[in-house]
K.L.:
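One structure, as structure tokens, below. Some questions next.
Sequence lines set the chain letters: A, B, ... in the order given, protein chains first and strands last, and positions in each chain run from 1.
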2 protein chains.
Amino acid sequence: MQKRDREATRARLLKAARQRFAREGYDATSVRDIARDSGVDATLIFRYFGSKKQLFDQATAADLPPDLLEGPREELVARMVRTVVDHDWTEYGGEHPLVAMLRSSAHEDARQRIRKEVCRTYVDALRDLAEGEDAELRAELLSAWMVGIGVLRSVVATPALSDARAADLAPHIATVATALLGRPMSGTVDQKGEPG
Amino acid sequence: MQKRDREATRARLLKAARQRFAREGYDATSVRDIARDSGVDATLIFRYFGSKKQLFDQATAADLPPDLLEGPREELVARMVRTVVDHDWTEYGGEHPLVAMLRSSAHEDARQRIRKEVCRTYVDALRDLAEGEDAELRAELLSAWMVGIGVLRSVVATPALSDARAADLAPHIATVATALLGRPMSGTVDQKGEPG
DNA sequence: CTCATAAGTCATCGAACGCTGACTTAGGGA
DNA sequence: TCCCTAAGTCAGCGTTCGATGACTTATGAG
């Protein structure tokens, strides 16, 4: 028996909710499921979060926009791929939060969240790199690639991409990013003081 | 009042089911929704299809693998993009069937369907074109792009890609496909006897 | 027209859903 | 130790879900 601790209980609910919502989507997840997973009474969900919807919003709120903008510009795409491929997303049921949220994309709220996140994390950052007339379109095309890689990895589970690490993708990333952005792009992220 | 016609009623149910399941996913769609949309009594769903699940299977059964393999090999990717971007998917609620099925990807059955479809439609066809050591990986990377473009268009609804026609993407498709496959690829589909 | 049959309707089931208000219990300050 | 308060429990509400079986009605063959 654990001690009574409001914040710890809240955290356990949030963690279980994140995993359930990621793996099974909003509709297929019941508040009773989340309560059972976390070993917490279901009614506390409403006491602490108000409603299932508000729990979803808080559980899937992207608390972690990784430091994509830090580092050399020519490594931006490589850093994006690393967050999609190498990052540990076990907190989100092992799937990239964006891919996970696609499962709940029947609801307009979730769609807007996805839209905002994709634009903020990928398109906006890439548009600056893509110079020329249709910079927006090329930035979106490269963003589409990132999202597609995430989808094929964790939803479609296609053989080669599922097992691939970011390093395996590096040469291809460099080629495509360079071709699409019209400027030389690196496929790998330079690690300070790390042996090559 | 329309005449009693088993096949016509079945077809109306299938059509309504396709649109509902595509737009809102499996869980957010109730058999009563489908019945209301099609103006048919809900119990006929179980009489004609057995269960909601079997209706879903039949409604989303890909009856249309477009003739992707017909035509010049160097136009294969361009043909794929056309089916994603230019094809009229109003029968599926205006969204590409694969993207629509992603909404139901919480269920393992749907995931397997998606996996089979992606592999059959995209990866298998592209692997032949990608010569060299990691042909499989490059085929999957290009497939990921196709899927990602579909997702950004209809789920994320990013501005430039949503409005784009296949012709707008042509030069970029040619560039990326050529770079990834290591052989010259066309960005457009040559139309027989059609003025350029 | 008759009427057997197939097409469509109706009432309703049990289970699961999100959610609520009244209740019980643990735990630290006095 | 007492006891007030906050943390956690419990029974159950109203609704909706997928699904069933008995019923009614239209329709075409004879």
K.L.:
Could I get the full list of salt bridge (Lys or Arg N to Asp or Glu O under 4.0 Å) partners for R47(A), not counting sequence neighbours?
P.N.:
none
K.L.:
Taking only the side-chain nitrogens and oxygens of R4(B), find out if one of them lies under 4.0 Å from OP1 or OP2 of dT27(D).
P.N.:
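No, R4(B) has no side-chain N/O under 4.0 Å of OP1/OP2 on dT27(D).
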K.L.:
Please report the distance, rounded to the nearest Å, between CG in L44(B) and C1' in dA6(C).
P.N.:
12 Å
K.L.:
What is the separation between atom CZ on R20(B) and atom P on dC17(D), rounded to the nearest whole Å?
P.N.:
10 Å
K.L.:
Roughly how many Å is it from CD1 in I34(B) to P in dC17(D), rounded to a whole number?
P.N.:
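After rounding, the reported distance stands at 11 Å.
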K.L.:
Tabulate protein N/O versus nucleotide N/O from nucleotides 17-19 of chain C, keeping only pairs under 3.5 Å, one per line.
P.N.:
unit_1	atom_1	unit_2	atom_2	d
dC17(C)	OP1	S30(A)	OG	3.4
dG18(C)	OP1	K52(A)	NZ	2.8
dG18(C)	OP2	V31(A)	N	3.1
dG18(C)	N7	R32(A)	NH1	3.0
dG18(C)	O6	R32(A)	NH2	3.2
dC19(C)	OP2	K52(A)	N	2.7

K.L.:
Hey, does F49(A) reach any base, or is it just sugar-phosphate, or nothing, if we go heavy atoms under 4.0 Å?
P.N.:
nothing
K.L.:
Measure CG/D5(A) against C1'/dA7(D) and give the value in whole Å, please.
P.N.:
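It is 10 Å, rounded to the nearest whole Å.
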K.L.:
Can you list every side chain to side chain donor-acceptor pair (under 3.5 Å) pair that touches residues 70-79 of chain A, not counting sequence neighbours?
P.N.:
none
K.L.:
Mind checking side chain to side chain contact (heavy atoms under 4.5 Å, CB included) for A170(A) and listing every partner two or more places apart, or none if nothing turns up?
P.N.:
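If we apply the side chain to side chain contact (heavy atoms under 4.5 Å, CB included) test to A170(A), skipping adjacent residues, the hits are T188(A).
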K.L.:
It should be established whether T9(A) places a side-chain nitrogen or oxygen under 4.0 Å from OP1 or OP2 of nucleotide dA7(D).
P.N.:
no
K.L.:
Is the closest basic N to carboxylate O distance between E95(A) and R111(B) below 4.0 Å?
P.N.:
yes
K.L.:
Would you say Y48(A) reaches dA7(D)'s phosphate, i.e. side-chain N/O to OP1/OP2 under 4.0 Å?
P.N.:
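For dA7(D), neither OP1 nor OP2 has a side-chain N or O of Y48(A) closer than 4.0 Å.
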K.L.:
For L55(B) and dA19(D), what is the distance between atoms CG and C1' respectively, to the nearest whole Å?
P.N.:
14 Å
K.L.:
Scan residues 8-30 of chain A for pairs that pass ring-ring contact (aromatic ring centres under 6.0 Å, His included), counting only residues two or more places apart or in two chains.
P.N.:
F21(A)-Y26(A), F21(A)-F56(A), Y26(A)-F56(A), Y26(A)-H107(A)
K.L.:
To the nearest Å, how far apart are D41(A) CG and dA6(D) C1'?
P.N.:
15 Å
K.L.:
Over how many whole Å does the gap from R47(A) atom CZ to dT5(D) atom P extend?
P.N.:
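Answer to the nearest Å: 16 Å.
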K.L.:
Could you pull out all donor-acceptor pairs under 3.5 Å where a side-chain atom in residues 125-132 of chain B meets a protein atom, sequence neighbours excluded?
P.N.:
unit_1	atom_1	unit_2	atom_2	d
R127(B)	NH1	E136(B)	OE1	2.1
R127(B)	NH2	D124(B)	OD1	2.5
E131(B)	OE2	R183(B)	NH2	3.1

K.L.:
Just the rounded figure in Å: distance from P of dA7(D) to CG of L13(A).
P.N.:
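These atoms are roughly 13 Å apart.
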K.L.:
Any luck finding a side-chain donor-acceptor pair between R153(A) and S162(A) under 3.5 Å?
P.N.:
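No.
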